[in-house]
Protein chains: 2
Amino acid sequence: MKQENTHCIHCRNKSDIFSGLNDLELGKVNDCRVRMTYAPGEMIFKQGSPCHDFVCVTSGLVKCFIEGEDDKKIIIGFVRPIEYIFSPGAYIDKRHHFTAIACEETSVCLVSTDVFQELVKSNSEFANDFIAKISLQTINLCHQLTNITHKQIPGRMAETLLRLSQVVYKQNPFTSCLSRQDMADMCGMTKESVVRALKTFKDENIITVDGNTIHLLNIPMLETISKIG
Amino acid sequence: MKQENTHCIHCRNKSDIFSGLNDLELGKVNDCRVRMTYAPGEMIFKQGSPCHDFVCVTSGLVKCFIEGEDDKKIIIGFVRPIEYIFSPGAYIDKRHHFTAIACEETSVCLVSTDVFQELVKSNSEFANDFIAKISLQTINLCHQLTNITHKQIPGRMAETLLRLSQVVYKQNPFTSCLSRQDMADMCGMTKESVVRALKTFKDENIITVDGNTIHLLNIPMLETISKIG
DNA sequence: CTGATCAATTGATATAGATCAATGACACTA
DNA sequence: TAGTGTCATTGATCTATATCAATTGATCAG
């Protein structure tokens with residue numbers, strides 16, 4: 001863990017919102033920061049638990065999901081390096097409103113919410129960037145709401161595949177560590193429906209599926225399917 | 001329109017996030033502010049249009065909804081006096097990501113996003129309050145996502161009724177100007193399903209419905225129905 | 001008063017997708 | 001090597017809810 005000893009000032013894995021901080025401010029962050037690594041499947045924080053720290057993902061992949069009754073989940077986002085997890089409860093009730101779990105081997109830096117909020121107050125550029133990030137999260141939630149509410153299975157599946165390839169993995173083909181259930185939880189369907197939808201796309205030569213590797217062959221078609229719902 | 005000439009400094013209808021501003025700052029707001037009134041059904045801004053102003057609702061009631069394909073809508077919130085409409089695009093792409101329509105006769109103050117963002121930068125308390133408000137919006141969206149995705153019609157209807165009574169109108173019984181279609185758009189169902197769900201609740205003596213007035217008779221039962229989905 | 005318009009209601013029908021159940025495919029271990 | 005657990009796959013139902021169609025009020029203009 002060479003990075004363990006790296007000072008935030010020299011850290012190359014700085015989330016972009018930190019680029020505007022001066023050395024003094026980064027010093028404060030460095031002093032309170034705790035570095036952690038998580039194995040695949042390990043929980044970083046749980047919905048409902050007290051929110052003491054902001055989490056910056058420096059390597060790996062984290063999935064964030066809302067837990068409902070009866071083990072029902074909704075995955076609201078994935079966080080990749082170098083990006084913060086914005087837990088909205090930090091400014092409201094000091095509780096996490098969703099659960100974060102490491103999908104792959106993941107390292108993070110935890111920064112105390114007190115220090116973080118101090119920075120928001122003292123550095124207006126930082127505050128501005130922070131607000132932009134939360135705004136983006138809001139826009140994404142709106143998007144997900146329409147995807148789940150207004151579209152049928154094929155549309156939702158198409159959108160999910162495009163999102164995985166273009167936003168989460170930024171690759172095509174991409175190899176994911178997500179189960180069929182995870183994909184189902186991204187767009188409010190069952191794992192069986194995911195299997196059937198993938199099979200349909202496969203039969204129509206829109207994608208190929210080989211284990212956990214999915215190749216999107218006809219992206220315009222997927223976009224059309226996603227659009228018409 | 002007596003308020004037309006009132007200076008922000010003396011305005012009693014100040015949104016709480018403005019309470020921390022000094023006279024100089026309020027002066028800036030006052031100088032750029034435009035006061036508008038809208039008749040019921042009139043549009044305040046439309047999804048996709050440029051976002052030049054923040055909107056503070058000083059009287060009336062505004063519904064905000066995402067527009068999908070084929071006239072499909074999702075109502076993501078209602079804004080009552082004295083509360084801001086937080087349009088997340090202001091910090092991202094300068095576009096509105098949902099539409100706002102006056103439900104009742106409504107007056108608003110429009111404040112230029114430039115001035116607003118200046119205030120966020122210059123006044124850390126203001127920034128802090130603003131972030132708290134956006135965070136709340138995010139939490140509400142998460143809540144709505146679970147309500148729509150994880151619950152069946154009775155649960156969604158129960159939750160919607162509780163929300164109307166406890167959050168939007170803060171009355172029981174309450175008289176709303178919303179159509180059945182509006183209620184349907186709050187929780188992703190059809191207007192026919194709303195009618196049937198209301199009828200079921202009425203038959204079970206959980207509520208009474210008289211035109212646009214709804215009385216929640218058995219709130220614990222509604223909470224149970226909402227919880228079990 | 002009389003169509004005309006629009007929302008609410010009700011009933012009949014269709015269907016998308018959930019649920020249930022069985023099987024297959026691996027990985028792991030004892 | 002058999003045994004166990006987990007996940008993916010497939011097929012056979014079932015059902016919640018959308019859709020479609022018809023009726024009833026209510027409101028409004030002339």
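Naming: A, B, ... by sequence-line order, numbering from 1 per chain.
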Legend entry - A:Asp182/A:Lys191 ion pair, N-O < 4.0 Å: no
Inset, instruction - Consider the side chain of A:Val195, meaning its heavy atoms from C-beta on, and name the nucleotide among C:dT19, D:dA8, D:dA18 that approaches it most closely. - result: D:dA8
Inset, instruction - Look at the rings of B:Tyr169 and B:Phe174 and say which category their plane angle falls in: under 30° parallel, 30 to 60° tilted, over 60° perpendicular. - result: parallel
Inset, instruction - Classify the ring geometry between A:Phe45 and A:Phe98 as parallel (under 30°), tilted (30 to 60°) or perpendicular (over 60°). - result: tilted
Legend entry - A:Arg196 CZ to D:dA12 C1', straight-line distance once rounded to whole Å: 10 Å
Inset, instruction - Starting from the 5' end of DNA chain D, give me the residue, B:Glu192 or A:Ser179, whose nearest nucleotide shows up first. - result: A:Ser179
Legend entry - Between P of C:dA16 and CE of A:Met157, the distance in whole Å: 18 Å
Legend entry - B:Asn212 CG to D:dG25 C1', straight-line distance once rounded to whole Å: 14 Å
Inset, instruction - Would you kindly give the CG-to-C1' distance between B:Asp182 and C:dA7, to the nearest whole Å? - result: 11 Å
Legend entry - Closest listed nucleotide, where the reference is the side chain of A:Gln152 and the choices are C:dT19, D:dC7, C:dA16: C:dA16
Inset, instruction - Take atom CE of A:Met189 and atom P of D:dA16, then tell me their distance rounded to the nearest Å. - result: 21 Å
Inset, instruction - To the nearest Å, give me how far apart CZ (B:Arg180) and C1' (C:dT9) are. - result: 9 Å
Inset, instruction - Can you tell me the distance, in whole Å, between the CD1 atom of B:Ile153 and the C1' atom of D:dT19? - result: 13 Å
Inset, instruction - Counting heavy atoms from C-beta on, name the nucleotide in C:dA8, D:dT10, C:dG17 closest to the side chain of A:Arg156. - result: C:dG17
Inset, instruction - Answer yes or no: does a side-chain N or O of A:Ser193 lie under 4.0 Å from OP1 or OP2 of C:dA18? - result: yes
Legend entry - Carboxylate-amine/guanidinium proximity below 4.0 Å for B:Glu69 and A:Lys151: no
Inset, instruction - For A:Leu198 and D:dT10, give me the distance from atom CG to atom C1', rounded to whole Å. - result: 14 Å
